[in-house]
Amino acid sequence: MSPFMMIMAVLPAVVVFTYVYRKDTIEKEPTSLLARLFALGALSGVVAVVVELLLEGILLSGLREGTFMYRVVENFVTLALVEEAGKYIMLRRATWRSPHFNYLFDAVVYAVAVSLGFATLENVMYLMDGSLSTAIGRAILSVPGHAIYGVFMGCYYGAAKRCELAGDGNGRKHNMTLALVVPVLLHGFYDFAIDASLFIPFVLFEIVVTVSAVKCVRRFSREDAQL
């Protein structure tokens with residue numbers, strides 16, 4: 001990979017994370033923790049490739065390629081569920097009991113860091129032999145997409161932490177579930193719409209989730225409070 005393409009692979013994640021990081025106005029997170037989360041996100045990408053290959057052989061072997069059910073299983077289960085579950089597991093193991101996780105917006109920063117670690121590794125793999133048009137397309141859609149899933153994961157993850165500290169076990173379980181389910185559904189529909197060539201639904205979806213994610217970041221930043 002040329003130095004230029006390497007920059008194109010990494011730059012989108014840097015730009016997106018800088019935006020989210022700057023919204024963390026009360027107490028910045030340690031660089032060491034953010035670097036660890038980014039690395040764990042990349043590691044989850046390596047694990048996802050292996051798991052996806054295994055599941056494809058198991059879950060898709062009895063389905064005819066190109067059918068509606070094949071696309072649903074492939075995009076929502078073997079891709080979205082595997083990838084988002086990997087990010088979620090890394091996020092929780094690294095931060096749930098961390099003493100640094102003491103503000104609500106921290107959860108968004110953490111989840112986005114993990115997601116962008118995954119996205120950067122994926123971007124490097126795609127651009128090893130990719131073109132400039134591929135790099136631009138992924139910079140506009142794929143990398144921000146992973147960050148958006150991370151935003152929603154972080155919002156529910158932070159709410160779950162707040163519920164636990166308040167002694168609300170049911171609220172904790174509910175939000176922890178949503179922290180995984182919502183990103184899986186969003187990610188799955190993104191892949192499904194592309195796979196099925198649903199151009200108009202895809203464009204509408206992108207507009208709605210992007211605007212919603214930006215609003216969530218701004219609201220959580222504005223209403224940030226100690227847990």
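Annotation: side chain of F105 is in contact with side chain of V20 (closest heavy-atom distance under 4.5 Å). By the 4.5 Å heavy-atom criterion applied to side chains, L132 and M8 are counted as neighbours. Contact annotation: the side chain of T120 never approaches that of F17 to less than 4.5 Å [non-hydrogen atoms, C-beta and beyond]. At least one side-chain heavy atom of R138 sits less than 4.5 Å from a side-chain heavy atom of E122. V10 is not listed as a side-chain neighbour of N123, based on a closest heavy-atom distance of 4.5 Å or more.
Residue pairs meeting the salt bridge (Lys or Arg N to Asp or Glu O under 4.0 Å) criterion with at least one member in residues 58-69, sequence neighbours excluded, do not occur. Sorted by first and then second residue, the pairs that involve residues 150-176 and meet side-chain hydrogen bond (donor to acceptor under 3.5 Å, both in side chains), not counting sequence neighbours, are T95-Y157, W96-E164, R97-E164, E164-R172. For residues 80-91, the side-chain hydrogen bond (donor to acceptor under 3.5 Å, both in side chains) pairs, not counting sequence neighbours, are E83-H187, E84-K87, E84-H187, K87-H146.
Residues passing the ring-ring contact (aromatic ring centres under 6.0 Å, His included) test with F220: none are found, sequence neighbours excluded. With sequence neighbours left out, F152 forms a ring-ring contact (aromatic ring centres under 6.0 Å, His included) with no residue at all. Annotation: side-chain hydrogen bond (donor to acceptor under 3.5 Å, both in side chains) contacts of S133 (sequence neighbours excluded): S131.
From F202, atom CZ reaches atom CD1 of I207 across 10.5 Å, with rounding to the nearest 0.5 Å.
The environment of L53 atom CG is dense: over 12 non-hydrogen atoms of other residues, nucleotides or ligands sit within 6.0 angstrom. Under a cut-off of 6.0 angstrom, the local environment of CZ in F76 is crowded, with over 12 non-hydrogen atoms contributed by other residues, nucleotides or ligands.
The side-chain contact (heavy atoms from CB on, under 4.5 Å) test with F205 singles out one residue from V208, V203, V209, and that residue is V209.
At distances below 3.5 Å, not a single donor-acceptor pair connects side-chain atoms of N75 with backbone N or O atoms of G188. Using modelled atom types, one side-chain atom of S44 and one backbone atom of G41 make a donor-acceptor pair closer than 3.5 Å.
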